[in-house]
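Structure, as structure tokens:
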Amino acid sequence: MSVMVDRLPRVKLLLLDGHSLAYRAFFALPVENFSTSTGQHTNAVYGFTAMLINVLRDEAPTHVGVAFDVSRKTFRADEYPDYKAGRSVTPAEFSGQLPLLREVLDALRIRHVGVEGFEADDVIATLTRQAVEAGHEVVICTGDRDAFQLVSDKVTLLYPVRGVSEVWRMDPAAVTEKYLVAPERYSDLAALVGESSDNLPGVPGVGPKTAAKWLAQYGDLAGVVAHVDEIKGKVGENLRAHLDGVLRNRRLNRLVDDLELPLGVPDLERASWDREEVHRVFDGLEFRVLRDRLFQTFEVEQDEVEGGFELEGEVVHAPDLPLRFGDGAHGRRMPHGVVVVGHYRGGGGDAGAVAFAGEDGTTGYLDLTALTPAEEAVLAAWLADPDAPKVLHDAKEQLQALSCRGLELRGVRSDTALAAYLVRPDQRSFDLEDLVVRHLGRELKAETGAGDQGMLDFAADDDAAEREAMVRARAVLELSQVLATRLEETGGTELLRDLELPLVDILARMERTGIAVDEPALTALEADFGAKMRQAQEDAWEAIGRRDVNLGSPKQLQEVLFDQLGMPKTKRTKTGYTTDADALADLFVKTEHPFLEALLRHRDTSRLRVTVEGLIKSVAPDRRIHTTYIQTIAATGRLSSTDPNLQNVPIRTEEGRRIREVFVVGEGFESLMSADYSQIEMRIMAHLSGDEGLIEAFRSGEDLHRFVGARVFGVEPGDVTPAMRSKVKAMSYGLAYGLSAFGLSKQLTITTGEAQGLMDEYFARFGGVRDYLREVVAEARATGYTATMLGRRRYLPDLMSDNRQRREGAERMALNAPIQGSAADIIKLAMKGVDGALTAEGARSRILLQVHDELVVEVAPGEREAVEALVRREMGAAVEMDVPLDVSIGVGRSWHDAAH
DNA sequence: GACTGAACGTA
DNA sequence: CGTACGTTCAGTCG
């Protein structure tokens, strides 16, 4: 028998009162510090979650459950209508957070339960009884003192004090010490003393001391009642007068421990949480620190429940290479996971080793510096063989590292980062570590089987890097198989194979090539902007008669603008009042204070100076700038450019445009060519909506905004004034972003009514556009995702949110994603087309940059005409649409001069 | 040193 | 109360 008991797993059950803990947090944490950028209050969720994490860490329970009050109508209120009547109405800011709290629990896979007509504590009492009867240990966390009655040698209670910053650990001794009665008598004591928070009055003049004395003397409340006539004095009289109330209190504070529950203790066993969901939910709540703490605290425990990767098969060493990867060798056509150990950044890098894992269970690790020429030749041939299938994670960087060693990489059949991105493009991270957990439910580590525990410990330290690389190679291979299924399910197989993977190679070449810059001109520009910035700073200081203000500090500026100069307050930000350019311009109109003019000038020039400074820092030894394109960042499918970002080089102002003059044609080339799609997003909208009017606009060849303006304002195209045109232009573009009448009015400085009128007029003429926009959101709501012309999906679960801000935000994303995303698809196709055609025609000209709707090409001598024709052809023919894809091209010695 | 929010550049 | 990004700075925290 005792053997049986020993073998039973120990159970430690943690029960939390969701309602009372969240309510405590709601009042303890200042809401100003706990709100999302969309205005959702999160203080209650935050406080509860923080406490939950702490308790999980400190108590390490095996089972967890959370109880909720379902409504305020309980059997207690039926018996005593004034029950809890003293409490103010539950604030909407609190109840609005309860669904979020449940989302957190769901993501953490913690069960929660509530029973109509009963309180959370009754649920807790029921589960506690069940657990205690089964011989389990129980920890209860609640802010409700009624639960003290449940404390026993098996049951501990954690009671939050000082808001939620601390908990008292109440075992029987602690309860007795604090209340002078044993836990099972606590409710008797509370009935006598009363509970103000529940609006249960006690006996006047009787506090815990007196009550405890009586209970000690007569055993329990029944004993006190039996001897009620023996109690002398004023308090005795009071007791007799209030006896009914005391007995009622006792009936009400007795917790119900025999509820019918939809789940039992075994259902509360802790499961590993849904990592993806945790990221999504915590991202939404903007709980960054808390999420990190969660992962940090429980990473180890998660490890325990998940496996690693086998490295048990044959190990291939350098001398084995010809046998495995030589011509006709059996490993040649076998898919392998590959990991290149190396680095690449800003045009330079190196590769030190290659690890691989084959489908037959073999692994290998090859130190590239230790290979004989013959061995290296075999490896190089295998790596470069387009028919030798390989799978990598984030192939571009590794491909770059290899290329720095003169090695080519072909035959990449999947890239697990790209595949995961296509499956769910808005993820925080596509690190291999995360994907392995997310899609395989395992950790990125070597498997240590039951028989060979400690094997890893025996391995020497310098083997650790090798083993890690091989584990990664194995993980990539396995991951790619799972992701292939996910991709098939979400229709992304072709996108990966035919679009994103071919793009990897093109982007890698663009990065390695870089774009030439005129360094002396760049330096001169920095000096010029620097001088103008200092002049503006002097003027600004002069205007306010002090020099101790950092013009780059919004905080100090607020002090000057609103305190010293007493200007009217601007729009609120999280931390004060905005000092952004719009607001400053607004203040200038109102006050005409010279400080504002100088300040704005300082903003502009210092920003330009900083931009130039950043560019100077990133010029490589070859006097070119090598950006890095990231293919897995933008949820819509766009690329992003970083280190430096060459997709946000100024163009709108004349001063800013000067920066584009320093991006020049490189030595041995003839000119730079800039080719961009005109109004591609509007054309996509015309195509997708099928709106006859808009399609006609593009087919007519008339200026788009003039054409639309003529329809909207009911005039001849020739009579569209510049003001009419700019209004229509703003509206056309705004539509693709989900612009509201309010937003339009704000932008055009007209009344909301006028803006609404404008929109009505627009939709009356272009009804197909309105129908399309409505349809796109409706479909996304039905399917859960939007899709681009090539089927690139974006999932938007927030379309179903009962939080209005989040829902409406998701609706705007749903409007925009197919349009922006289709444009991204199109230019990616165009890049493939242009790159392929340049190669096919044997041209030396090459693509240097992509800026969302623009390609910058470096034109080799004598190729200008051919390349222009080729680019126009390939960009224009990227997809077949109901409207033409108009490409506009310019050529010059600099990026600025190539503008058109 | 790591992180956040404000501000601002692009499509 | 208009989408999608990346970078910089000041300010704050540990």
Side-chain angles (χ1 to χ4, degrees), chain A residues 33 37-39 286 288-289 292 425-426 549-558 570-584 599-600 603-604 606-615 617-618 627-630 632-653 655-657 659-660 676-682 730-748 752 755-756 773 786 794 796 804-805 808-821 823-824 827 849-854:
Chain A
N33 303 346
S37 46
T38 55
E286 300 175 11
R288 293 185 193 83
V289 177
D292 292 349
D426 32 19
V549 179
N550 181 345
L551 300 180
S553 162
K555 198 178 165 195
Q556 294 179 38
L557 283 179
Q558 287 173 54
T570 55
K571 221 178 81 182
R572 274 218 69 109
T573 67
K574 235 175 187 175
T575 53
Y577 299 93
T578 183
T579 64
D580 67 20
D582 276 350
L584 294 181
L599 177 59
L600 281 165
R603 278 264 175 87
D604 286 343
S606 79
R607 173 133 189 120
L608 290 170
R609 195 192 63 81
V610 165
T611 303
V612 171
E613 201 177 53
L615 290 173
K617 280 187 201 141
S618 46
T627 185
T628 300
Y629 289 102
I630 307 182
T632 54
I633 289 275
T636 52
R638 277 188 176 180
L639 297 177
S640 81
S641 157
T642 174
D643 199 17
N645 181 356
L646 292 187
Q647 291 180 325
N648 72 342
V649 178
I651 192 168
R652 289 187 185 165
T653 67
E655 286 284 270
R657 264 199 296 276
I659 298 179
R660 293 194 171 215
D676 64 43
Y677 285 116
S678 8
Q679 300 134 346
I680 188 167
E681 298 198 340
M682 286 306 295
M731 186 158 52
S732 287
Y733 281 104
L735 287 177
Y737 300 148
L739 185 69
S740 65
F742 179 89
L744 184 65
S745 72
K746 203 93 191 235
Q747 190 186 321
L748 298 177
T752 316
Q756 189 59 58
L773 294 173
T786 61
R794 178 175 186 184
L796 291 164
R804 193 176 127 183
Q805 288 202 54
E808 291 182 345
E811 285 169 1
R812 290 191 293 272
M813 293 175 202
L815 285 181
N816 178 251
I819 299 168
Q820 191 185 115
I827 195 154
L849 303 178
Q850 189 254 44
V851 193
H852 307 310
D853 67 355
E854 173 191 13

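For clarity, every value in this text was computed on a predicted model and none was experimentally measured. Note on naming: letters A, B, ... go to the chains in the order of the sequence lines (proteins, then strands), and numbering restarts at 1 for each one. Basis for what follows: all heavy atoms, side chains included, without hydrogens, waters or symmetry-related copies.
- For A/N648 against B/dG9, a side-chain-to-base donor-acceptor contact under 3.5 Å is present.
- Between A/R812 and C/dG2 there is no side-chain N or O to OP1 or OP2 distance below 4.0 Å.
- Across all strands shown, A/R603 has heavy atoms under 4.0 Å from sugar-phosphate atoms exclusively, and none from any base.
- Using a 4.0 Å heavy-atom distance criterion, A/Q556 is classed as a sugar-phosphate-only contact.
- Across all strands shown, A/T611 has no heavy atoms under 4.0 Å from either base or sugar-phosphate atoms.
- B/dC8 atom C1' lies 16 Å from atom CD of A/Q647, rounded to whole Å.
- Considering only the side chain of A/S553, C/dA10 comes nearest among C/dA4, C/dA10, B/dG5.
- At a threshold of 4.0 angstrom between heavy atoms, the contacts of A/L608 with the nucleic acid are absent.
- With hydrogens and angles ignored, a donor-acceptor pair under 3.5 angstrom links the side chain of A/R607 to the base of B/dC8.
- No side-chain donor from either of A/R812 and A/S740 sits under 3.5 Å from a side-chain acceptor of the other.
- When the side-chain nitrogen and oxygen atoms of A/R794 are compared with OP1 and OP2 of C/dA4, one or more of them lie within a distance under 4.0 Å.
- A salt bridge between A/R638 and A/E681 is present, with a side-chain N of the basic residue lying under 4.0 Å from a carboxylate O of the acidic one.
- Residue A/N645 places no side-chain N or O under 4.0 Å from the OP1 or OP2 atom of B/dT10.
- Applying the 4.0 Å criterion to OP1 and OP2 of B/dA6, one finds that A/K555 has every side-chain N and O outside that range.
- Donor-acceptor pairing under 3.5 Å, judged by distance alone, is present between the side chain of A/Q747 and the base of C/dG2.
- Contact annotation: A/R609 side-chain N/O to C/dT8 OP1/OP2 distance is not under 4.0 Å.
- A/A736 comes within contact range of no nucleotide atom at all, as no heavy-atom separation falls under 4.0 Å.
- Considering only side-chain N and O atoms, A/T575 lies under 4.0 angstrom from the phosphate OP1 or OP2 of B/dA6.
- Here the straight-line distance linking atom OH of A/Y629 with atom CG of A/L849 works out to 4.5 Å at 0.5 Å rounding.
- Rounded to a whole Å, the CG atom of A/L639 is 21 Å from the P atom of C/dT3.
- Along DNA chain C, the nucleotide closest to A/T636 and the one closest to A/D643 are compared, and the more 5′ of them pairs with A/T636.
- For A/T578 and B/dA6, the shortest distance from a side-chain N or O to OP1 or OP2 is not below 4.0 Å.
- In this structure, A/A635 reaches the sugar-phosphate backbone alone: every heavy-atom distance under 4.0 Å involves primed, P, OP1 or OP2 atoms, never a base.
- Residue A/I819 is out of contact with every strand shown, counting any heavy-atom pair closer than 4.0 Å.
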